[in-house]
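This report concerns only the one structure given below.
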There are 2 protein chains.
Amino acid sequence: MKLSTRARYGLRLMFALAKNYGKGYVLLKDVACAEEISEKYLSLIVIPLRSTGLINSARGATGGYSLARDPSQITVKEIVDVLEGEALLDCLKNPSLCPRVSSCVSRDVWVLLNDKISETLSSITLEKLIQMENEKISGGKIEKGGNHEDSR
Amino acid sequence: MKLSTRARYGLRLMFALAKNYGKGYVLLKDVACAEEISEKYLSLIVIPLRSTGLINSARGATGGYSLARDPSQITVKEIVDVLEGEALLDCLKNPSLCPRVSSCVSRDVWVLLNDKISETLSSITLEKLIQMENEKISGGKIEKGGNHEDSR
DNA sequence: TTATTTACTACTATTACGATAGGAATAATA
DNA sequence: TATTATTCCTATCGTAATAGTAGTAAATAA
């Protein structure tokens with residue numbers, strides 16, 4: 001039940017692309033630098049995201065990556081599924097793996113949990129994340145009127 | 001986001017103890033046999049469950065393990081937390097680990113997910129699991145008298 | 001004493017994870 | 001055409017976690 005860095009980095013990458021949606025390609029180098037992630041490592045993470053059709057890519061000079069769909073049309077679940085695999089447990093997708101599936105109550109727990117996770121992650125789109133960040137910035141900074149230096 | 005076998009086996013063990021609650025000690029050997037889990041491996045899993053106070057143990061002949069509390073008072077969350085660690089991510093419990101915590105929107109996603117998982121697992125007690133199994137059995141078998149159809 | 005059980009410690013094999021390295025393919029541009 | 005900048009592909013590697021085995025010590029009821 002630990003979250004892999006793959007998924008975490010992947011989400012940050014997708015978020016960066018989302019913020020640039022409609023403005024052309026984004027360089028992996030720039031994302032890697034801004035997010036302080038190894039560019040090489042990020043370049044591995046990006047591959048499944050591309051082959052699943054979540055992002056587009058263009059080689060060569062002026063190339064880069066861009067979101068394949070509007071940020072409102074991409075959920076965190078899609079990203080996590082690609083980078084982490086869909087199921088919490090193999091017998092969830094593949095019941096034939098275990099002979100005791102039909103009578104297994106503990107499996108029912110995991111099915112339920114898996115559904116809850118899916119539901120939660122499905123409800124969060126990249127657009128929503130952008131909104132969250134905006135609210136965070138305007139909420140954390142000068143709140144109308146009295147101004148003071150922003151921390152950091 | 002894979003579930004470890006530790007947690008899965010642990011839940012099955014706890015469930016077995018729950019079904020025997022109030023009837024004395026259960027032998028690890030019996031659980032291991034019934035659940036087709038290596039007794040040795042199970043004997044490792046049982047240790048943290050004991051030291052957290054979820055179960056009691058007694059050595060020697062006529063010894064064994066028993067649930068420390070009523071099945072209605074033990075949630076799946078407690079079991080999972082013991083065997084798998086509480087947080088989906090280190091920076092959730094320990095924000096100081098990451099300098100970008102305050103501005104990190106993706107972290108907010110994981111916080112939200114973590115809460116949902118906790119909430120879900122907290123809502124399932126061992127007693128509930130016993131009920132689920134009973135319904136499963138009576139639902140799958142012949143309905144006595146043919147009166148009420150509890151279609152779950 | 002003996003049989004039975006938990007408790008403890010050490011070891012091992014396998015896999016997954018996080019990361020690095022080097023170069024090939026592609027495209028813009030000078 | 002040569003150069004440069006980028007994605008793309010494959011291979012490798014060290015470390016840690018996971019799943020599991022093994023052997024022995026300690027406790028306890030009979």
Side-chain angles (χ1 to χ4, degrees), chain A residues 1-13 16-17 20 24-33 35-68 80 82-85 87-90, chain B residues 1-13 16-17 20 24-33 35-68 80 82-85 87-90 97-98:
Chain A
M1 290 274 297
K2 283 294 181 221
L3 204 65
S4 69
T5 52
R6 271 171 67 87
R8 295 189 291 115
Y9 288 178
L11 178 59
R12 281 157 70 185
L13 168 68
L17 295 188
N20 199 66
Y25 290 116
V26 175
L27 299 189
L28 212 56
K29 190 182 13 178
D30 292 344
V31 177
C33 182
E35 296 288 334
E36 294 173 285
I37 299 171
S38 148
E39 184 186 345
K40 275 294 186 187
Y41 191 40
L42 209 51
S43 79
L44 296 184
I45 292 174
V46 103
I47 293 173
L49 291 171
R50 203 209 80 122
S51 60
T52 326
L54 286 178
I55 62 183
N56 296 320
S57 67
R59 281 182 168 186
T62 76
Y65 295 96
S66 69
L67 228 55
V80 171
V82 167
L83 296 174
E84 195 117 19
L88 205 56
L89 204 61
D90 289 335
Chain B
M1 289 274 296
K2 284 293 182 221
L3 205 64
S4 68
T5 53
R6 269 171 68 87
R8 295 188 290 115
Y9 288 178
L11 178 59
R12 280 158 69 186
L13 168 68
L17 296 187
N20 200 67
Y25 290 116
V26 175
L27 299 190
L28 210 58
K29 191 185 5 179
D30 293 342
V31 177
C33 182
E35 296 288 334
E36 295 173 286
I37 300 171
S38 148
E39 184 186 345
K40 275 294 186 187
Y41 191 40
L42 209 51
S43 78
L44 295 185
I45 293 173
V46 104
I47 292 172
L49 291 171
R50 202 207 80 123
S51 61
T52 326
L54 286 178
I55 62 184
N56 296 320
S57 67
R59 282 181 167 185
T62 74
Y65 295 97
S66 69
L67 228 53
V80 171
V82 167
L83 296 174
E84 195 116 20
L88 205 55
L89 204 61
D90 288 337
L97 285 177
C98 176

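In what follows, chains carry the letters A, B, and so on, assigned in the order in which the sequence lines appear, proteins first and then strands, with residues in each chain numbered from 1. Every value quoted in this text rests on a predicted model; they were computed, and no experiment measured them.
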Presence of [X] side-chain N/O under 4.0 Å of [N] phosphate oxygens OP1/OP2:
| X | N | answer |
| --- | --- | --- |
| A/T5 | C/dC17 | no |
| A/R50 | D/dT7 | no |
| A/T62 | D/dT6 | no |
| A/S57 | D/dT6 | no |
| B/Y25 | D/dA29 | no |
| A/S4 | C/dA16 | no |

[X] [atom1] to [N] [atom2]: how many Å, rounded?
| X | N | atom1 | atom2 | value |
| --- | --- | --- | --- | --- |
| B/L3 | D/dA19 | CG | C1' | 14 Å |
| B/D30 | C/dT4 | CG | P | 13 Å |
| B/E39 | D/dG23 | CD | P | 15 Å |
| A/L27 | C/dA27 | CG | P | 16 Å |
| A/L28 | D/dT7 | CG | C1' | 9 Å |
| B/Y65 | C/dT5 | OH | P | 12 Å |
| A/R8 | C/dG18 | CZ | C1' | 11 Å |

Can you tell me which nucleotide in D/dC8, C/dA7, C/dA28 comes closest to the side chain of B/R59? C/dA7

Among the candidates C/dG18, C/dA19, D/dA5, find the nucleotide nearest to the side-chain atoms of A/R6. C/dG18

Rounded to the nearest 0.5 Å, what separates atom CD1 in A/I45 from atom OG in A/S4? 8.0 Å

Value rounded to 0.5 Å, distance of CZ in A/R8 from CD in A/E35: 11.5 Å

Check [X] against [Y] and note the closest heavy-atom contact, atom names and distance.
| X | Y | value |
| --- | --- | --- |
| B/N56 | B/A68 | ND2-CA, 3.6 Å |
| B/S66 | B/G24 | CB-O, 4.0 Å |
| B/L88 | B/M1 | CD1-SD, 3.8 Å |
| B/P48 | B/L83 | CG-CD2, 3.9 Å |
| A/V46 | A/Y65 | CG1-OH, 3.2 Å |

Which residues, if any, of residues 40-47 of chain B bring a heavy atom under 4.0 Å of DNA chain D? B/K40, B/Y41, B/L44

Assuming nearest nucleotide by heavy-atom distance, tell me which of A/K2 and A/K29 is located more 5' along DNA chain D. A/K29

